[in-house]
2 protein chains.
Amino acid sequence: MAQKLTLKKIAQDLKVSISTVSKALRDSYEISEETRKKIQEYAKQYNYKPNSIALSLKNQKTKKIGIIIPEIVHHFFATVISGVEHVANEKGYQVIICLSGESFDKEVVNMEMLANGSIDGFILSLSKETMSKQDFHHLREVINQGMPIVMFDRVADDIPGDKIIIDDVTAASEATDFLMRKAKKNVGILSTVDYVNVGRLRTQGYSEALMKRGVEVNQDLILKIEDIDHCDELIEKFIDNNPSLDGIVAVNELFAVTASKILLRKGKRIPDDVAIVAFTDGMLSKYSNPSLTTIGQNGYEMGGIAAAKLIDRLEQDQKDEERYETVIVKTSLIERESTP
Amino acid sequence: MAQKLTLKKIAQDLKVSISTVSKALRDSYEISEETRKKIQEYAKQYNYKPNSIALSLKNQKTKKIGIIIPEIVHHFFATVISGVEHVANEKGYQVIICLSGESFDKEVVNMEMLANGSIDGFILSLSKETMSKQDFHHLREVINQGMPIVMFDRVADDIPGDKIIIDDVTAASEATDFLMRKAKKNVGILSTVDYVNVGRLRTQGYSEALMKRGVEVNQDLILKIEDIDHCDELIEKFIDNNPSLDGIVAVNELFAVTASKILLRKGKRIPDDVAIVAFTDGMLSKYSNPSLTTIGQNGYEMGGIAAAKLIDRLEQDQKDEERYETVIVKTSLIERESTP
DNA sequence: TTGTACGCGTTATCAG
DNA sequence: CTGATAACGCGTACAA
């Protein structure tokens, strides 16, 4: 097993000094053609690669970005990571991933681990628990140490950092209005509890769309779900309680597809009896039966923007311009079988 | 913005030497109670954390493991990562993720990037292109440098490293037999081209199950799909060409759910007319309509085992026992609506 | 009890 | 043209 090659070993083998080797490999004009060639060939033959840890230490830059998300098995987050990874790699950065599992403590621990020099900056989407606690001290600490943070999707409003979000209010409003334009009179929403930003905002957009058309908001048509694991019963009860329901906006695929199955089981037709629009365009929407009309959140694009913003900030060392930006990524309504 | 605290700065501030600080923080008996307390309190107050890069360089260990997978948006891979991450974090390791996007070149580049000292070991699942080329020089190089590799799912048989796989042959055989036990007489398989290991093995298992029951293997009932993007037409043609088809084994969810939609559209009933068993238990299987009976690959478990094996190997520095292990993870047949 | 010196791998600066 | 030295941050063997 050939031990990993270092400048030192090359220097020993070729009986020159370390600095000569270093310079030769960087094509320094100070080194004679002859030695340069000799060293470069030797390095190439034995496949020398500079040790990135040593470089990190020297340059005080790791060329790595850390990303903390609640769950990787959610398609949306996977898409975002994919976008982050793509842009980051293009710019010579690597991506370290940690999962909070929606837990505040794990989010804090992960941030602390990564903040000890492992990475140059953060991209993150906050855990549900963090959102409900509204405790952001860990973010503040990291920022105080001069490490930039880009948040996406689940963001903390009053934290200094760039934010990449979609306009949830408008998107939900458009989804609702879309259903009403399809002559649906009793549109309900399957949302999350209010401390989840996106749930609150989407509920708000839903209400606004109704009001704009002079329809009164009926609280019975708003279901706020806390625990995703037992959404079935809640949704079924909701449907039973609202026999006139003819349109549903769901804040995620899962709620939508669950509702769809329950409706079909009860003999309703989709989209004729009840039409559905879901947030988050993922595998479920595309391949479920019937396929779902969705609001695409363009996660890949969000991830790319987040990475680009972060790397920009890392590479313009002037930390003047302490003005942080909030980018609003456009959503797209993708029509499928669940709407007329 | 408080600059990141180092031993050096603490030493300056407290007017002691660096090593005194270092020792004090590690509770060395060499340091007097008094100074120790003073230093520890100061460190705590200003939230000192040792720089992990410096530690990596010193210890020649990064406590990071690299994972390279084809795509993160595939639920199976996301599950595996989740398992890796869980076990790794438990043992104090971080996870760096790179995506090959099914491209050989990107896989090579990523490996080289990570192998330059960024990580202690690899977990990977090979890209399709790598499988078809059968070019594993990048793996050999890394291994030659003394970096352990654990492969899962898509593995290279003759590469020295641990392997975590499922018994694809047996699983496919069981799936096929399960359909035959349900009185299905003409079971077909939607598979991938043969250079994708799992496709080949599952096709083999399918054939074996037929032969065991004295049924002749009919090549018309075997569809090998190369490009996942245009599987619709292929599957539709396949179904049209086999009117007596009454059972389908699909090597992934997507093929299964696509077939399911096409069948329903053609007025077939599932599972009465055609029953379906899919590999990879993901969101689609669970929530599609009808939900799919699947072979669960237990990705979370695979990831956990891979991480545990890798870390074991990293921490037992004796690299004696150069005997590598192949762990076969049990699959589980999860019955849902697509089978009687 | 405290401090000095060294090494991990690299590069930049300065001396020869 | 080449080599020695310092520095990045840390831990530790050794010296005071």
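Below, each value reflects all heavy atoms present in this structure, side chains not excepted, and no hydrogens, waters or symmetry copies. A note on names: the letters A, B, ... follow the listed sequences, proteins ahead of strands, and every chain is numbered from 1.
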Once you round it to whole Å, what is the distance between [atom2] of [N] and [atom1] of [X]?
X	N	atom1	atom2	result
A:Ile18	C:dG9	CD1	C1'	8 Å
B:Ile31	C:dG3	CD1	P	8 Å
A:Leu57	D:dG11	CG	P	13 Å
B:Leu5	D:dC8	CG	C1'	16 Å
B:Lys15	C:dT2	NZ	C1'	17 Å
A:Ile53	D:dC8	CD1	P	18 Å
B:Lys58	C:dT10	NZ	P	16 Å
A:Asn116	D:dG9	CG	P	14 Å

Looking across every strand, which nucleic acid part, if any, lies under 4.0 Å from [X] by heavy atom: base, sugar-phosphate, or nothing?
X	answer
A:Leu7	base
A:Ser56	nothing
B:Leu55	sugar-phosphate

Does a side-chain N or O from [X] land closer than 4.0 Å to OP1 or OP2 of [N], or not?
X	N	answer
A:Thr20	D:dG3	yes
B:Ser22	D:dG11	yes
B:Ser19	D:dG11	no
A:Arg26	C:dT10	no
B:Lys8	D:dC8	yes
B:Tyr48	D:dC10	yes
B:Gln60	C:dG7	no

I'd like to know whether CD of B:Gln45 has more than 12 heavy-atom contacts from other residues, nucleotides or ligands below 6.0 angstrom.
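Result for CD/B:Gln45: enclosed.
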Minimal non-hydrogen separation, A:Leu139 against A:Ile149, with atom names:
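Scanning both residues completely, I find the closest heavy atoms to be O-CD1, 3.9 Å.
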State, to 0.1 Å, how close A:Asp120 and A:Pro148 come at their nearest heavy-atom pair, and which atoms those are.
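Taking A:Asp120 first and A:Pro148 second, the nearest heavy atoms are O-CD, 3.5 Å.
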To the side chain of A:Lys23, which of D:dA13, D:dC10, C:dC14 is closest?
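Nearest to the side chain of A:Lys23 among the choices is C:dC14.
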Find the distance between CD (A:Gln316) and CG (A:Asp312) and round it off to the nearest 0.5 Å.
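The CD atom of A:Gln316 sits 6.5 Å away from the CG atom of A:Asp312.
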Closest-nucleotide ordering on DNA chain C, the 5'-leading residue of A:Lys49 and B:Glu30:
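Final value for this comparison: B:Glu30.
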Hey, which sits more toward the 5' end of DNA chain C by its nearest nucleotide, B:Asn59 or B:Ser17?
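Nearest-nucleotide comparison on DNA chain C picks B:Ser17.
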Does a donor on one side chain and an acceptor on the other come within less than 3.5 Å for A:Glu107 and A:His138?
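There is such a pair between these side chains.
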Taking B:Glu102 first and then B:Arg154, would you say they form a salt bridge - that is, a charged N and a carboxylate O separated by under 4.0 Å?
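Counted as a salt bridge, because a side-chain N and a carboxylate O are separated by less than 4.0 Å.
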